[in-house]
Amino acid sequence: MFRFLFTLITACFLTLNAEKAHGIARFGKPLYPQGFSNFSYVNVNAPKGGTLRLSTVGTFDTANPHAIKGSKAEGVIALCFDALSYRNPEEPFTLYGLIAESIDISADNSQVTFELNPNAKFHDGHAITAEDVKFTYEYLREQGAPVYRNYYGKIEKIEILGPLSVRVTLKKEEDGTYNAELPFSISIMRPLPKHILEGKELASFNFDIYVGSGAYKIEKIDQGRSITYVKAPNYWAENLNVTKGMNNFERIRIDYYKTSQAHFQGFTAGEFDAYFETNPSNWETGYDFPALKDGKVTKVDGTHQKSVLVRSFLYNMKRPIFADWRVRKALAMAFDFDTLNKMIFSGSMQPMDSLFANTYLAHKGAASEVELKTLEALKAKIPAELYETMTKTGFVPARTKGDGDQRTNLEIAGKLLDDAGWKVVKGMRTNSKGEPLKVELMYKDTKLEKITLALKESLRKLGVELVIRVMDNAQYETRVDDRDFDMIIHACANSLSPGVEQVFYYSQKMADTKGSSNYGGLKDPIAEQLAISLADAKTPEELTERAHTLDRYLMNMYYFIPMFYDNTSRFAYWVNNIAFPEVNPKVGTNVMAYGWKPEVAAAPTTACATDGIFCRIKSFVKSLF
């Protein structure tokens, strides 16, 4: 009895005297110490007020940030709902407390305990409590998108320790250990109001807005055309160290344009404040308008070394025609990157050679000793020809001289199709049953039309018919969610802190889950195994090696046709409408979060604003994305 009481008292004493963690780092320690004042990349003296006008191409049919179907309005989740913690862009593997003023992860990663800030409130004044945290995990696990069902499906139990204290216990992995990355994934959850949502179907909310807790709330919706946010009065986190210098605009309006042309024309007419250019040709020739000549608009560009959006033609692996790797590789050999880059993009694009392109996580050349050891154990399950390139050279995309001459690559592609049983009969590739090799490509971005037509012509030379189908946004999203396609143009950007999300990308279970992030319906046990290993990395070195191995494997298995990426930032803006701090190269800039309206007050001398528009252009463009 005495031993029990002594143990209990000792445990209580240690708990009461333990320093509450203001931040958590998966590797090492947080950069900012306990009690820090603010992040280095914000301007704490930025004036408040004014309207920021942004824009995008497309439409939306719901303002419910957790809607599974439909097209969601831009900005709702980020602007209207605060998270338990804030991910500092300077530190990919570090989180700082926001709604949770302290976070404690057990040594074995089995439990996460959150102590909530007593000042945290929803927009209607209700305090955010442990009940809301527990409710949100359970609510999204039952009714949320597949990604939430998977993340929160790994929770064993949730205990309310007090009104503002909650402990989450996680499930063990198959090997009996706990995933080291999962505690971080569940720590960025954005609590929902139990007092409003309890007993209601999540899908029932469309434009009936439930209250959030973030710096902004929705002020006005013009369905499919625009959404306007207004600063929440008495925002509870206004003076926290993790939000100082942020959320400076009184209003943020996001307008929607039907086409890219109308979008750009709207910018030149001054209908919104900033424009991120994705068309290099337009960047070179399309900015000859009066406001630019008069200095009212400025344009800047520059290369960077951060993660990028990579594009590919993604195969639907549920389609039998893509089961043979020789067919997949043959179609990839027909994509003439160099000629398209020269003719359409003025040579500004880079060939996609990695899913982690432009970062240190991209594999290069021959496999390292650690990578080779992992792949050797899987060698018997990998086609010999692919294993050879996978380990000795790494992925090498098909290249030409950029003169339209694809004969060498098409000869290789033709041999692969012959070997796979697709012979040329009367100009068409057919199998032993006489069925033609016919693929439908579905896409929604009309700017990519020339690329799709070029691929169609290259495949025609091989005897492969490519049917091109342009869809509107709503139809496209529905068919992608239902996996009702042969091939789509897919764009993705991996973060510098890859983890559990990689498991969901390549989970065999997710291949059959509607709306999941396994868009290609891939069921490859090796890919899933490597993704799980990556998510469970214990050190930065392990994470890098495992990212390289996963990347090396997926690229060489040709589950998609690699296209290109752009590591140049192109940004134009109206100089009297936007100011922003001196840019931290590790952070880039987020005008919506860190910027302010110059005319609201005199901008600080450390800012790039109206008076000194070129003062820090170089550092700005190098870190935009």
Any side-chain heavy atom of Thr243 within less than 4.5 Å of one from Tyr86? no
Apply the test side chain to side chain donor-acceptor pair (under 3.5 Å) to residues Asn88 and Glu90: give CA-CA distance (whole Å), side-chain angles for both, the deciding distance (0.1 Å), then the verdict. CA-CA 5 Å; Asn88 177 24; Glu90 292 175 288; 3.2 Å; yes
Minimum side-chain heavy-atom gap Leu170-Ile186 below 4.5 Å: yes
Aromatic contact, Phe39 with Tyr32 (centres under 6.0 Å): yes
Going by atom types only, do Asp132 and Thr129 share a side-chain donor-acceptor pair under 3.5 Å? yes
Applying the side chain to side chain donor-acceptor pair (under 3.5 Å) test to Ser516, which of Lys509, Arg483, Arg149 qualifies? Arg483
Could you check Glu131 against Lys194 for salt bridge (charged side-chain N to carboxylate O under 4.0 Å, His left out), going step by step and ending with a plain yes or no? CA-CA 7 Å; Glu131 290 282 355; Lys194 179 181 178 180; 3.0 Å; yes
Can you confirm whether or not the ring centre of Tyr151 sits under 6.0 Å from the ring centre of Phe504? yes
Flag, side chain of Arg26 to backbone of Ala537, donor-acceptor distance under 3.5 Å: yes
Min side-chain heavy-atom separation Leu54-Val591 under 4.5 Å: no
Applying the side chain to side chain donor-acceptor pair (under 3.5 Å) test to Ser71, which of Asp61, Thr59, Asn473 qualifies? Asn473
Starting at CG of Leu530, measure out to NE2 of His548 and round the result to the nearest 0.5 Å. 13.5 Å
With heavy-atom distances below 4.5 Å as the criterion, would you say the side chains of Lys121 and His126 are in contact? no
In sequence, state the C-alpha distance, the side-chain angles, and the governing distance for Asn64 and Thr62, and then conclude on side chain to side chain donor-acceptor pair (under 3.5 Å). CA-CA 5 Å; Asn64 181 352; Thr62 180; 5.1 Å; no
CD-OG distance between Gln502 and Ser533, expressed to the nearest 0.5 angstrom: 12.0 Å
Tell me, yes or no, whether the heavy-atom count around Asn234 atom CG, taken from other residues, nucleotides or ligands under 6.0 Å, exceeds 12. no
Sub-4.5 Å side-chain heavy-atom contact between Asn179 and Val500: yes
For the pair Asp551 and Ser354, evaluate side chain to side chain donor-acceptor pair (under 3.5 Å) and give the outcome as yes or no after the intermediate values. CA-CA 6 Å; Asp551 184 42; Ser354 168; 2.6 Å; yes
Check: Arg53 and Asn577 side chains under 4.5 Å, non-hydrogen atoms: yes
Is the Phe580 ring parallel, tilted or perpendicular to the Tyr573 ring (thresholds 30°, 60°)? perpendicular
Between Tyr275 and Phe571 (judged by ring centroids, cut-off 6.0 Å), do the two rings come close enough to count as a pair? no
Between Asp82 and Tyr235, is there a side-chain donor-acceptor contact under 3.5 Å, judged purely by atom types and distance? yes
For the pair Lys171 and Glu156, find out whether any cationic side-chain nitrogen is under 4.0 Å from an anionic carboxylate oxygen. no
About how many Å separate CD1 of Ile227 and CG of Asp222, when rounded to the nearest 0.5 Å? 10.5 Å
Separation of Ile158 CD1 from Phe114 CZ (nearest 0.5 Å): 9.5 Å
Report yes if the side chains of Glu219 and Arg251 come closer than 4.5 Å at any heavy-atom pair, otherwise no. yes
Lys538 atom NZ, over 12 foreign heavy atoms within 6.0 Å: yes
May I ask you to decide if the ring planes of Tyr139 and Phe135 are parallel, tilted or perpendicular, using 30° and 60° as cut-offs? parallel
Between Thr136 (side chain only) and Leu192 (backbone N and O only), is there a donor and an acceptor less than 3.5 Å apart? yes
Please round to the nearest 0.5 Å and tell me the distance separating atom OG of Ser106 and atom CD of Gln111. 5.5 Å
Please report the interatomic distance CG(Asp273) to CH2(Trp574), rounded to the nearest 0.5 Å. 9.5 Å
Check for a donor-acceptor pair, side chain of His22 on one end and backbone N or O of Ile103 on the other, with a separation under 3.5 Å. no
Before giving the answer on side-chain contact (heavy atoms from CB on, under 4.5 Å), spell out for Phe249 and Met592 the whole-Å C-alpha distance, their side-chain angles and the decisive distance to 0.1 Å. CA-CA 8 Å; Phe249 296 99; Met592 194 162 61; over 6 Å; no
Asn150 and Met510, any side-chain heavy atoms less than 4.5 Å apart: yes
More than 12 heavy atoms from other groups under 6.0 Å of NZ on Lys72: yes
Do any N or O atoms from the side chain of His123 and from the backbone of Gly214 form a donor-acceptor pair under 3.5 angstrom? yes
With side chain to side chain donor-acceptor pair (under 3.5 Å) as the test, would you mind laying out the steps for Asp124 and His195 before giving the verdict? CA-CA 11 Å; Asp124 60 1; His195 64 282; 2.7 Å; yes
Below 30° counts as parallel, above 60° as perpendicular, anything between as tilted: where do the rings of Phe36 and Tyr96 land? perpendicular
